[in-house]
Colleague: 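Dropping a structure here in structure tokens format, bear with me for questions.
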There are 2 protein chains.
Amino acid sequence: MARPPRSASVDSRRRLFEAAAAEFAARGYAGANVDRIARAARLNKAMIYYHFKSKAALYREILRDMFTAVGTRVADVAAASCTPEDKVRAFVEAIAAEAEARPHFPPIWLREIAEGGGHLDAATLNYARAVVATLGRIIEEGCRAGRFKPAQPMLVHGGIIAPLMFFLATARVRRKMQRAGAAGVADIPPKVVVAHIQRLTLAVLEGRIA
Amino acid sequence: MARPPRSASVDSRRRLFEAAAAEFAARGYAGANVDRIARAARLNKAMIYYHFKSKAALYREILRDMFTAVGTRVADVAAASCTPEDKVRAFVEAIAAEAEARPHFPPIWLREIAEGGGHLDAATLNYARAVVATLGRIIEEGCRAGRFKPAQPMLVHGGIIAPLMFFLATARVRRKMQRAGAAGVADIPPKVVVAHIQRLTLAVLEGRIA
DNA sequence: ACTAATTAAATATCTAGTTAGTTAATAACG
DNA sequence: CGTTATTAACTAACTAGATATTTAATTAGT
């Protein structure tokens with residue numbers, strides 16, 4: 001009883017997960033098609049219902065993966081022993097790294113924000129809240145150390161994550177526009193965006209933008 | 001021939017447009033339901049096909065309205081006779097004003113970014129590009145006046161519009177969270193967000209964040 | 001009288017989820 | 001070791017419900 005899963009099955013599950021992530025990112029939850037997901041994973045549609053319970057449960061699993069990844073990663077950042085400035089830089093870097101590791105992350109994040117997080121279950125929503133709370137603690141630490149001025153964690157967080165997701169999500173389109181000859185819509189690599197947002201955020205926290 | 005439309009018809013059209021905007025904002029293009037749009041407008045579903053040609057054409061019209069509104073508004077800003085600093089402030093204010101006048105604007109904008117602008121027709125896409133180009137001209141003007149340091153218009157624009165749309169789109173959810181007792185996720189009024197982004201953008205352009 | 005505005009009902013297509021059955025890996029047993 | 005029983009992994013075909021769009025007929029303004 002309770003045999004371990006065969007390696008082929010683990011692989012199938014992974015393929016479904018990835019095909020689904022790409023489909024949800026490209027078309028949104030409602031626009032995503034389970035037949036297309038199965039075809040992309042080179043499996044029968046029924047396998048989606050075998051490995052996951054439903055389209056909704058599959059989607060929730062993708063969301064959970066995204067938000068728990070960021071949540072645990074930034075928790076590590078806050079627990080590290082370095083200056084508050086370095087923690088802020090690492091906070092930005094951590095979110096960027098997890099998002100870059102998942103091409104579906106930025107589009108899905110943008111859609112969930114548009115929808116008011118209607119697909120997020122309570123546990124996943126808590127992970128999202130925890131990210132803001134973690135940033136809040138880093139800010140407090142900086143304030144106690146006399147390096148930061150007090151700031152609304154949510155305001156600071158929005159200033160980080162929104163432009164980050166925007167630039168990551170539009171990277172492909174902007175490259176295409178660039179090739180089509182659009183000058184101002186230049187191809188800005190993620191590294192540049194991350195560095196920009198790091199400097200911006202520190203300027204805000206150190207009270208240098210008033 | 002070519003009688004003017006009856007006023008009742010103009011009103012029906014407007015009601016359909018607004019119901020559709022709300023529906024598309026809440027559920028995305030694929031998730032939107034024409035029956036629900038018609039019901040919300042207190043009209044028969046066939047009226048959608050009478051006033052607009054299809055669900056897709058109706059959606060395109062909503063997008064066109066959004067992007068042309070912002071496009072013309074920021075063009076006025078750039079043409080005004082005031083300091084580059086004031087133009088930057090007015091640029092941010094203009095986008096915020098047009099977005100606040102249309103509750104559907106932020107969610108639809110976020111979804112279109114997620115989708116890579118797949119629903120935007122060529123003309124509307126040009127309006128979107130024109131907005132970035134306009135910001136580029138304001139930056140240039142500031143550089144010539146010795147007040148701004150050179151900066152990538154796209155990078156600056158993303159730093160404006162992304163957090164703006166994020167905060168406007170999440171306003172309702174954040175108010176709900178606030179009432180539910182979430183402390184750090186405070187209710188931040190649009191005015192505060194706009195002022196924050198104005199100061200942030202000027203700090204970037206004046207080279208005060210390096 | 002003419003036609004813009006509107007409706008109810010039909011159509012045609014799509015799609016999430018189910019079912020009933022097949023294949024193949026593996027564990028247990030002789 | 002080889003055979004068989006068990007069940008995980010997988011498929012093809014079906015079902016039931018939804019949904020965009022059309023059609024044909026009706027109402028009401030000018």
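All of these numbers come straight from a predicted model, not from anything done at the bench. Below, chains carry the letters A, B, ... as their sequence lines are ordered, and counting in each starts from 1.
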Colleague: I'd like to check the side chain to side chain contact (heavy atoms under 4.5 Å, CB included) partners of Thr72(B); sequence neighbours left out, ordered by chain and number.
Modeller: Tyr127(B)

Colleague: When you check the phosphate oxygens OP1 and OP2 of dA8(D), does a side-chain N or O of His51(A) lie under 4.0 Å from one of them?
Modeller: no

Colleague: List in chain and number order the residues that pass salt bridge (Lys or Arg N to Asp or Glu O under 4.0 Å) with Arg199(B), two or more places apart in sequence or in another chain; answer none if no residue qualifies.
Modeller: none

Colleague: Using side chain to side chain donor-acceptor pair (under 3.5 Å) as the criterion, list what pairs up with Arg102(B), not counting sequence neighbours.
Modeller: Asp65(B), Glu98(B)

Colleague: Do any of residues 10-26 of chain B sit with a heavy atom less than 4.0 Å from DNA chain D, and if so which?
Modeller: none

Colleague: Taking NZ from Lys55(B) and P from dT19(D), how many angstroms apart are they, rounded to a whole number?
Modeller: 9 Å

Colleague: Looking at Glu115(A) and Arg27(B), is any side-chain nitrogen of the basic one under 4.0 Å from a carboxylate oxygen of the acidic one?
Modeller: no

Colleague: Where along residues 32-50 of chain B does a heavy atom fall under 4.0 Å from DNA chain C?
Modeller: Leu43(B), Asn44(B), Ala46(B), Met47(B), Tyr50(B)

Colleague: What pairs with Arg39(B) under side chain to side chain donor-acceptor pair (under 3.5 Å), at least two apart in sequence or on another chain?
Modeller: none

Colleague: Starting at atom CZ of Phe52(A), determine the distance to atom P of dA16(C), rounded to an integer number of angstrom.
Modeller: 16 Å

Colleague: Using the test side chain to side chain contact (heavy atoms under 4.5 Å, CB included), find all partners of Pro190(B) that sit at least two apart in sequence or belong to another chain.
Modeller: Glu100(B), Leu168(B)

Colleague: Not counting sequence neighbours, which residues clear side chain to side chain contact (heavy atoms under 4.5 Å, CB included) with Tyr59(B)? List them please.
Modeller: Phe24(B), Tyr29(B), Leu63(B), Ile108(B), Glu112(B), His119(B)

Colleague: Name all residues meeting the side chain to side chain donor-acceptor pair (under 3.5 Å) criterion together with Arg129(A); count only those two or more places apart in sequence or in a different chain, and write none if there are none.
Modeller: Asn126(A)

Colleague: Think Ser9(B) has a side-chain N or O under 4.0 angstrom from the OP1 or OP2 of dA4(C)?
Modeller: no

